[in-house]
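First up is the structure itself, then whatever we jot down about it.
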2 protein chains.
Amino acid sequence: MTDAYEKHDRVLVALDCIIFGFDRQDLKLLLIKRNFEPEMGKWSLMGGFLRKDEGLDDAASRILEDLTGLKNIYLEQLNAFGAVGRDPVDRTVSVAYYALVDIHKHDKELVKKYDAQWFSMDEIPELIFDHTEMVQSALKRLRYKASYQPVGFELLPVKFTLPELQQLYEAIYDTTIDKRNFRRRILSMDILINTGEKQKEHSKKGAYLYTFDEKKYLEGVNGGDNFKFKSSIS
Amino acid sequence: MTDAYEKHDRVLVALDCIIFGFDRQDLKLLLIKRNFEPEMGKWSLMGGFLRKDEGLDDAASRILEDLTGLKNIYLEQLNAFGAVGRDPVDRTVSVAYYALVDIHKHDKELVKKYDAQWFSMDEIPELIFDHTEMVQSALKRLRYKASYQPVGFELLPVKFTLPELQQLYEAIYDTTIDKRNFRRRILSMDILINTGEKQKEHSKKGAYLYTFDEKKYLEGVNGGDNFKFKSSIS
DNA sequence: GCAAAAGTGTTACGAATACACCCATGA
DNA sequence: TCATGGGTGTATTCGTAACACTTTTGC
């Protein structure tokens, strides 16, 4: 430990983004078709390399923006992946981030340029390197996050119906939820505002459009981080 | 993205270990006194640099062993820390790991060699760089982990009493727990075996010594990772 | 016999689940 | 008028939290 820093190995640090979206039906992932070797033509997460003069979070934002054209997106670090052979070309450590985006807002030209495509979670193709593991980890984290914080704000358009919000949660957890219980729980959180308008595209009766009460929503997001000792130790 | 890898920046990847121990009273952290610049003489987490030919987890184990002499210790990655100026000497990305060790088992010679010392959580000194942030993050993670998995096995000696185990949880959560509720919950997990022996050092009546039922303990550790949608969204 | 820590059960409250019918409307 | 999806309430179960006294034994 008395070595000068100069003696130590330097490695490439990559960033990979697991980009989640929701099309009012399925939870989806944005993947790109790799246009360079190795593994050219295979599907991959959007990634890039860390530059010396930028922080990890900044680099992840940059890479996300490169593909989607979107700024100020919800982005959270997952983990570093650093097995020796994970990238066959060179020793790289990859830091994975997951992003929640409104699927309708991304820049379709950029996505085309990268040969990118949205995939439903149950149709994810084989991915390069350890990207499948990263996706699994991201889904787990998203489920965890959604279990103690509201997540709709990032994934839904400004106005949405309760059946749509329920569909989002059902997609995240790949399950079905009782309508009455869902509505009671969501509404009791007191973060939704009924706009009074109705969405009539999907039903004859029409469903009320809601928006998030941004202030209360953020309180919910910022709190809820304290774990107590409870018997859910299991 | 069509660049050859060669064009990209290479950076130092460091590893820092947040080492938790428990002395039957307080939750403690093992820190070293830095014997090189910058910040020589200040307290720091045990750290080191990633070598090209080893994985991240391996590097963290190596660094942990360097300080404690211990192998096969519970070690889990927290996060990568990568703000630009976090190490004033050079651009480094640090991957933080936290470890749970039996405080009585470490190699005291090694610890002396590194000028290391155990600190109670409420007496942690000022740390270099972003190490304080890493410690906070580790404590949060430990609390989270302990909320859905048993953690005593890694932090306690083979035989321990229920009051000691309770003291451990109270230390982790910095709170008090009702004795009757605690015992009921822990015992209902069905992972403890009463050895029949009594510990008489701390009381006249004596408390039963328990051991973990390793098989059932590991089932508990490996499960409990599925998050459901519940109203704890808050 | 008394101080000190170990050990033991019951009640009450709140959250989660299960469950079935009416409503509004366009075709 | 009927098919479709939207909207609503109640009863039960289960987990969590609150709470006080008895037991053992070394001094």
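Values reported hereafter were calculated over all heavy atoms of this structure, with side chains retained and with hydrogens, waters and symmetry mates removed.
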| request: Determine whether the side chains of B:Tyr98 and B:Lys145 contain a donor N or O and an acceptor N or O closer than 3.5 Å. | output: no
| said: Output the rounded distance in Å from CG (A:Asn181) to P (D:dT13). | reply: 16 Å
| Do B:Tyr97 and B:Asp57 have side-chain N/O donor and acceptor atoms under 3.5 Å apart? | yes
| Length of the CD-P vector between A:Gln199 and D:dG6, whole Å | 9 Å
| task | Measure from the side-chain heavy atoms of A:Arg185 and tell me the nearest of C:dA16, C:dG7, C:dT10. | result | C:dA16
| remark: When rounded to whole Å, the CD to C1' distance for the pair B:Gln166 and C:dT8 reads 14 Å
| request: For B:Lys179, answer base if it contacts any base atom (sugar-phosphate contacts may also be present), sugar-phosphate if it contacts only those atoms, and nothing otherwise; contact means non-hydrogen atoms under 4.0 Å. | output: base
| note | note: A:Arg183, atom CZ; D:dG7, atom C1'; distance rounded to Å ~ 5 Å
| remark: note: A:Gln167, atom CD; D:dG6, atom P; distance rounded to Å ~ 10 Å
| query | What integer distance in Å separates A:Phe182:CZ from D:dG6:P? | reply | 13 Å
| field | Selection from C:dC23, D:dA18, C:dA6 that lies nearest to any side-chain heavy atom of B:Lys205 | value | C:dA6
| Residue whose closest nucleotide on DNA chain D lies nearer the 5' end, B:Gly206 versus A:Asp178 | A:Asp178
| query | Does any N or O donor sit under 3.5 Å from an N or O acceptor when you compare the side chain of A:Arg180 with the base of C:dT17? | reply | no
| query | Is there a donor in the side chain of A:Asp107 and an acceptor in the side chain of A:Thr68, or the other way round, less than 3.5 Å apart? | reply | no
| message | From CG of B:Leu162 over to C1' of C:dT8, roughly how many Å is that when rounded to an integer? | response | 12 Å
| message | Can you confirm whether or not the ring centre of B:Phe160 sits under 6.0 Å from the ring centre of B:Tyr210? | response | no
| remark: A:Tyr148 atom OH is separated from C:dA15 atom C1', nearest whole Å, by 21 Å
| said: Which nucleotide wins on minimum distance to the side chain of B:Ala207, given the candidates D:dG5, C:dT17, C:dG7? | reply: C:dG7
| said: Measuring to OP1 and OP2 of D:dC27, would you say a side-chain N or O of B:Lys204 lies under 4.0 angstrom away? | reply: no
| note | Of C:dA4, C:dA5, D:dT10, the nucleotide closest to the side chain of A:Arg184 is D:dT10
